[in-house]
Peer 1: 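Let me give you the structure first, and then I'll get to my questions.
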Amino acid sequence: MSDNDTKKPTGDAQPPVKGAPTDTPAAKIGSEPSNPPAGPKLDTPPAAHSTPTAPPPAAAAPPPAPKPSGPPPPKNPGFVTCTIDGKEVIAKPGTNMIEAARKVGSIIPYFCYHPRLSIAANCRMCFVEASNAPKMVPACQTPLAEGQVIKTNTPKVKEQQRAVMEFLLLNHPVDCSICDQAGECKLQDYYMRYDYRPSRLEGAKVMKNKRKVLGPRVVMDQERCILCSRCVRFMNEVAKEPQLGIFGRGSHEVVDTFPGSELSSNYSLNTVDICPVGALLSRDYRFRARTWFQSAAPSVCTGCSRGCNTYADFMGQETYRYRPRENEAVNKSWMCDHGRLTYKGLNLGRVLNAVVGRQQGGTARPEVARKEAIQAAARALADAKGKVAVLASPVASNEDLLAALTFAKTTLGVREVYVGGRPQGEADHYLLTADRNPNRKGLELIAQGLELKLQPFEALVQGIDGGKVKALYAVGAEVPGGDFAQAAAKLDTFVVQATNESPLTAQATVLLPASAHVEYDGSFVQVDGLVQRFRKAYPSKGEAVPHAQLVAELTRELGGTASWTTTREAFRELGKSLPEFASFDWDKAAPPDREKPGINPLPSGADGRPAGYREFGAPRVRGL
């Protein structure tokens with residue numbers, strides 16, 4: 001075996017054997033051969049065979065000027081300049097063709113490509129023609145070159161797209177009428193745009209598992225899978241938990257979990273987001289609502305202090321799911337499963353009406369009008385003025401806390417505030433933090449700006465048990481201790497503004513209904529100090545209003561001045577005295593809820609999936 005037998009081919013042409021003559025035309029350019037035959041060098045040339053004396057050779061012509069080697073110099077130094085569909089594009093080096101084409105309005109279809117994942121180039125949907133390649137090239141994998149000419153809509157490219165679509169749909173089940181992905185499915189939309197032809201398959205389709213449970217939150221329909229490998233790459237590269245793989249060969253290949261394991265990652269539902277078809281489905285959302293009946297509102301997750309940007313998808317006055325909204329500084333395109341499932345508290349166990357009086361035994365407490373409850377709360381707080389403790393929840397927004405702590409300082413006369421909130425949890429390796437409260441940083445900034453001292457929750461429990469605290473005003477009923485309801489039963493006056501019912505709200509002498517964060521416009525300060533806006537999705541349920549509005553009504557009932565009627569006015573009036581909020585443009589920082597005035601769809605996913613029909617404004621009955 002020679003040394004060359006163990007070398008891998010490089011794709012370059014094989015070099016000629018040393019000493020062998022070269023017959024290629026390229027070798028004959030110039031005054032002498034590029035590879036002269038081996039042999040002894042003679043001092044005098046051999047005599048000619050012909051008898052006549054040959055005329056002396058003419059002077060050799062000067063060699064032509066050498067052509068410049070290498071690529072042409074860049075037209076725009078530091079950037080790559082090329083032409084896509086007749087339009088000039090200037091992009092950074094390394095930009096792929098899909099991203100570059102978007103800049104000039106050329107849409108290159110794709111399935112397996114995702115801007116935050118490695119390149120697989122296995123769906124072959126993004127083939128285009130390039131001037132520096134003899135064959136079509138995958139646009140996701142091919143970087144731009146200087147002076148390159150790219151064509152995305154030639155007959156050859158269109159036939160390639162049609163052929164790929166026919167191949168992908170060959171064994172795909174026609175489940176669109178019952179598929180949860182209908183309305184935001186790449187396969188569905190691309191069929192209408194690039195194929196739109198009947199199947200030529202003769203015979204039965206390949207049958208696979210229709211309901212493969214991969215884990216506690218994800219179920220898979222293997223017949224719908226097009227093997228784009230997005231989910232596998234996400235679990236390997238982003239979640240860093242390689243729980244999925246591709247098994248089998250040929251038309252029997254499937255995505256599945258490894259033997260003896262399940263898809264149990266806290267980021268498993270991101271695979272549902274990035275699946276371009278209806279193969280991976282959320283077990284929580286499955287068969288619950290159609291995307292074209294839902295509306296989307298830009299919001300912020302309240303599951304922890306990270307503050308992941310989200311879309312709240314709703315229909316009527318019910319939220320159906322959270323989806324991640326892209327933000328490079330916070331969560332990029334992802335969010336954890338823990339945060340996704342916190343939407344359920346927006347629908348269940350809500351405090352919708354005001355109540356005066358504690359619950360006695362198992363009997364239901366009579367509900368009263370909110371105005372009547374405000375008057376009862378004002379009387380109770382006035383009687384205990386100077387002796388009232390204040391409990392603030394870091395689940396409340398900046399606008400709510402600005403109003404509540406200003407009320408506590410100026411009207412109730414307190415100098416310290418007890419901090420409530422959800423109990424601490426366990427952080428994970430990526431987005432989820434141990435602090436399960438979305439606005440602890442905001443509470444600290446507001447208390448510091450108003451010169452109020454924050455006290456730990458344990459000090460409040462000790463004060464109640466020791467008889468020091470007899471009256472309590474709580475903004476939010478979230479507390480870190482599960483048995484605080486027993487301590488609250490000892491209070492003479494307990495005024496609570498709450499969003500959800502709990503054992504603690506059952507001990508309130510006056511219970512006021514507060515809006516959830518998707519029911520009004522506001523802001524949070526996340527763990528790194530970023531102030532983030534969220535938008536209203538739908539009107540508040542029942543008689544609930546934001547904490548800031550309840551505070552304004554209480555202030556006016558007690559003879560104080562509160563000119564704000566909305567959270568926007570509360571922030572603009574009360575936040576200007578705090579340096580952290582004075583420079584924050586509340587209106588400008590709001591995420592856009594539409595592309596332009598009127599009814600326009602928001603992006604349905606961070607990966608660019610086509611959006612379903614989105615309705616904006618005040619919802620109609622059930623959103624229909």
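Note that the structure is a prediction, hence the values are computed from the model and not measured.
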Peer 1: Hey, does Phe534 have a side-chain heavy atom less than 4.5 Å from the side chain of Asp521?
Peer 2: no
Peer 1: Determine whether the side chains of Glu241 and Ser265 contain a donor N or O and an acceptor N or O closer than 3.5 Å.
Peer 2: yes
Peer 1: Answer yes or no: is there a donor N or O on one side and an acceptor on the other, between the side chain of Glu88 and the main chain of Thr83, under 3.5 Å?
Peer 2: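 Side chain of Glu88 to backbone of Thr83, a donor-acceptor pair under 3.5 Å: no, none is there.
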Peer 1: Please say whether the positively charged group of Arg162, taken as NZ for Lys or CZ for Arg, lies over the ring of Tyr194, i.e. under 6.0 angstrom from the six-membered ring centre and within 45 degrees of the axis.
Peer 2: no
Peer 1: Could you check whether any side-chain N or O of Arg233 sits under 3.5 Å from a backbone N or O of Ser229, counting only pairs where one atom can act as donor and the other as acceptor?
Peer 2: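 At least one qualifying donor-acceptor pair exists.
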Peer 1: Judged by modelled atom types alone, do Asn171 and Glu223 share a side-chain donor-acceptor pair under 3.5 Å?
Peer 2: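 No, no side-chain donor-acceptor pair sits under 3.5 Å.
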Peer 1: Give the C-alpha distance, both sets of side-chain angles, the deciding distance and a yes or no for ring pair (Phe, Tyr, Trp, His ring centres under 6.0 Å) between Phe111 and Tyr190.
Peer 2: CA-CA 10 Å; Phe111 287 107; Tyr190 285 173; 5.2 Å; yes
Peer 1: Does Val525 form a side-chain contact (heavy atoms from CB on, under 4.5 Å) with Leu530? I'd like the steps, not just the answer.
Peer 2: CA-CA 5 Å; Val525 183; Leu530 296 176; over 6 Å; no
Peer 1: So, the side chain of Lys205 versus the backbone of His172: is there a donor-acceptor pair under 3.5 Å, distance only?
Peer 2: yes
Peer 1: Considering only heavy atoms from C-beta outward, does the side chain of Asp435 approach that of Val527 to under 4.5 Å?
Peer 2: no
Peer 1: Ring centroid separation for Tyr322 and Tyr311, is it under 6.0 angstrom?
Peer 2: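 So the answer is no for these two rings.
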Peer 1: Any sub-3.5 Å donor-acceptor pair from Thr142's side-chain atoms to Pro138's backbone N or O?
Peer 2: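 Such a contact is found between Thr142 side chain and Pro138 backbone.
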Peer 1: Counting only N and O atoms by type, is there a donor-acceptor contact under 3.5 Å from the side chain of Gln188 to the main-chain atoms of Gly183?
Peer 2: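 A pair under 3.5 Å: yes.
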Peer 1: Please check if any side-chain donor atom of Asp284 sits under 3.5 Å from a side-chain acceptor atom of Tyr343, or the reverse.
Peer 2: yes
Peer 1: Salt bridge or not for Glu519 and Arg350, using N-O below 4.0 Å?
Peer 2: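 Between Arg350 and Glu519 there is a salt bridge, with a charged N closer than 4.0 Å to a carboxylate O.
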Peer 1: Evaluate the criterion ring pair (Phe, Tyr, Trp, His ring centres under 6.0 Å) for residue pair Tyr320 and Tyr285; output intermediate values, then yes/no.
Peer 2: CA-CA 7 Å; Tyr320 281 82; Tyr285 179 73; 7.1 Å; no
Peer 1: Looking at Asp313 and Arg323, does any basic side-chain N land under 4.0 Å from a carboxylate oxygen?
Peer 2: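 A salt bridge links Asp313 with Arg323.
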Peer 1: Would you say Glu184 and Thr291 are linked by a side-chain donor-acceptor pair, where the criterion is simply a distance under 3.5 Å?
Peer 2: no
Peer 1: According to the interplanar angle, ranging from 0 to 90°, do the rings of Tyr267 and His429 count as parallel (below 30°), tilted (30 to 60°) or perpendicular (above 60°)?
Peer 2: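 The rings of Tyr267 and His429 stand perpendicular, inter-plane angle above 60°.
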Peer 1: With no hydrogens and no angle check, just 3.5 Å: does a side-chain donor-acceptor pair link Asp428 and Asn266?
Peer 2: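 Their side chains do contain a donor-acceptor pair, which is all the 3.5 Å distance test asks for.
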Peer 1: Tell me if the aromatic rings of Trp334 and Tyr430 count as close, with their centers under 6.0 Å from one another.
Peer 2: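 No, too far apart.
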Peer 1: Using 4.0 Å as the upper bound for N to carboxylate O, is an ion pair formed by Asp337 and Arg217?
Peer 2: yes
Peer 1: Can you check whether Cys275's main-chain N or O pairs, donor with acceptor, with Gln181's side chain at less than 3.5 Å?
Peer 2: yes
Peer 1: Using the side-chain contact (heavy atoms from CB on, under 4.5 Å) rule, take Ser305 and Gln526 through it: C-alpha gap first, then chi angles, then the decisive distance, then the call.
Peer 2: CA-CA 5 Å; Ser305 60; Gln526 54 99 243; over 6 Å; no
Peer 1: Donor-acceptor pair, distance only, cut-off 3.5 Å: does the side chain of Ser523 make one with the backbone of Arg533?
Peer 2: no
Peer 1: Would you say the side chain of Thr152 lies within less than 4.5 Å of the side chain of Ile84, judging by non-hydrogen atoms?
Peer 2: yes
Peer 1: Given side chains that start at C-beta, do those of Glu159 and Gln161 come closer than 4.5 Å, heavy atoms only?
Peer 2: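 A side-chain contact under 4.5 Å is absent here.
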Peer 1: Restricting to non-hydrogen atoms, name the atom on Phe234 and the atom on Thr271 that form the minimum distance, rounded to 0.1 Å.
Peer 2: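 That closest heavy-atom pairing would be CD2-CG2, 3.9 Å.
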Peer 1: Can you check whether Gln243 reaches Glu262 side chain to side chain, under 4.5 Å on heavy atoms?
Peer 2: no
Peer 1: Side chains of Arg340 and Asn270: do they bring a donor and an acceptor to under 3.5 Å?
Peer 2: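 There is such a pair between these side chains.
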Peer 1: Does the side chain to side chain donor-acceptor pair (under 3.5 Å) test come out yes or no for Arg306 and Thr433, once each step is laid out?
Peer 2: CA-CA 6 Å; Arg306 179 70 63 190; Thr433 64; 5.9 Å; no
Peer 1: Please evaluate residues Lys208 and Glu253 with respect to the criterion salt bridge (charged side-chain N to carboxylate O under 4.0 Å, His left out), reporting the C-alpha separation (whole Å), side-chain torsions for both, the decisive distance (0.1 Å), and the verdict.
Peer 2: CA-CA 10 Å; Lys208 298 177 183 178; Glu253 270 190 313; over 6 Å; no
Peer 1: Take Arg422 and Val395 through the side-chain contact (heavy atoms from CB on, under 4.5 Å) test and state the conclusion after the steps.
Peer 2: CA-CA 8 Å; Arg422 300 168 182 151; Val395 178; 3.9 Å; yes
Peer 1: What do the steps show when you test Leu169 against Ser199 for side-chain contact (heavy atoms from CB on, under 4.5 Å), and what is the final call?
Peer 2: CA-CA 8 Å; Leu169 290 167; Ser199 174; over 6 Å; no
Peer 1: Can you tell which of Lys186, Met125, Arg193 makes a side chain to side chain contact (heavy atoms under 4.5 Å, CB included) with Pro109?
Peer 2: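 Filter result, single survivor: Met125.
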Peer 1: So Met220 and Cys225, do their side chains get closer than 4.5 Å, heavy atoms only?
Peer 2: yes
Peer 1: Can Tyr113 and Glu99 be said to form a side chain to side chain donor-acceptor pair (under 3.5 Å), step by step?
Peer 2: CA-CA 11 Å; Tyr113 170 71; Glu99 300 297 337; 2.6 Å; yes
Peer 1: Please check if the side chain of Asn327 supplies one atom and the backbone of Cys308 the other of a donor-acceptor pair under 3.5 Å.
Peer 2: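 Not a single qualifying donor-acceptor pair exists.
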Peer 1: So, does Asp180 use its side chain to make a donor-acceptor pair with the main chain of Phe287 at under 3.5 Å?
Peer 2: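 At least one qualifying donor-acceptor pair exists.
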Peer 1: How about Asn132 and Gln148: does a side-chain donor come under 3.5 Å of a side-chain acceptor?
Peer 2: yes
Peer 1: Answer yes if the side chains of Thr310 and Arg325 hold a donor-acceptor pair under 3.5 Å, and no otherwise.
Peer 2: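 No, because no side-chain N or O of Thr310 sits under 3.5 Å from a partner of the opposite role on Arg325.
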Peer 1: Looking only at side-chain N and O atoms, does Glu237 offer a donor or acceptor that is under 3.5 Å from a partner on Ser118?
Peer 2: yes
Peer 1: Should the pair Lys156 and Phe127 be classed as cation-pi, given the thresholds of under 6.0 Å to the six-membered ring centre and 45° from the axis?
Peer 2: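 Judged by the rule, Lys156 and Phe127 form no cation-pi pair.
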Peer 1: I'd like to check Met335 versus Val330 (side-chain heavy atoms, cut-off strictly below 4.5 Å). Are they in contact?
Peer 2: no
Peer 1: Please name all residues satisfying side chain to side chain donor-acceptor pair (under 3.5 Å) with Arg224, sequence neighbours left out, ordered by chain then number.
Peer 2: Asp175, Asp221
Peer 1: For the side chain of Arg436 and the backbone of Glu426, is there at least one donor-acceptor N/O pair under 3.5 Å apart?
Peer 2: yes
Peer 1: Taking the ring of Phe258 and the ring of Phe247, is the distance between their centroids below 6.0 Å?
Peer 2: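 Ring centres of Phe258 and Phe247 closer than 6.0 Å.
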Peer 1: Would you call Glu166 and Arg197 a salt bridge, using N to O less than 4.0 angstrom?
Peer 2: no
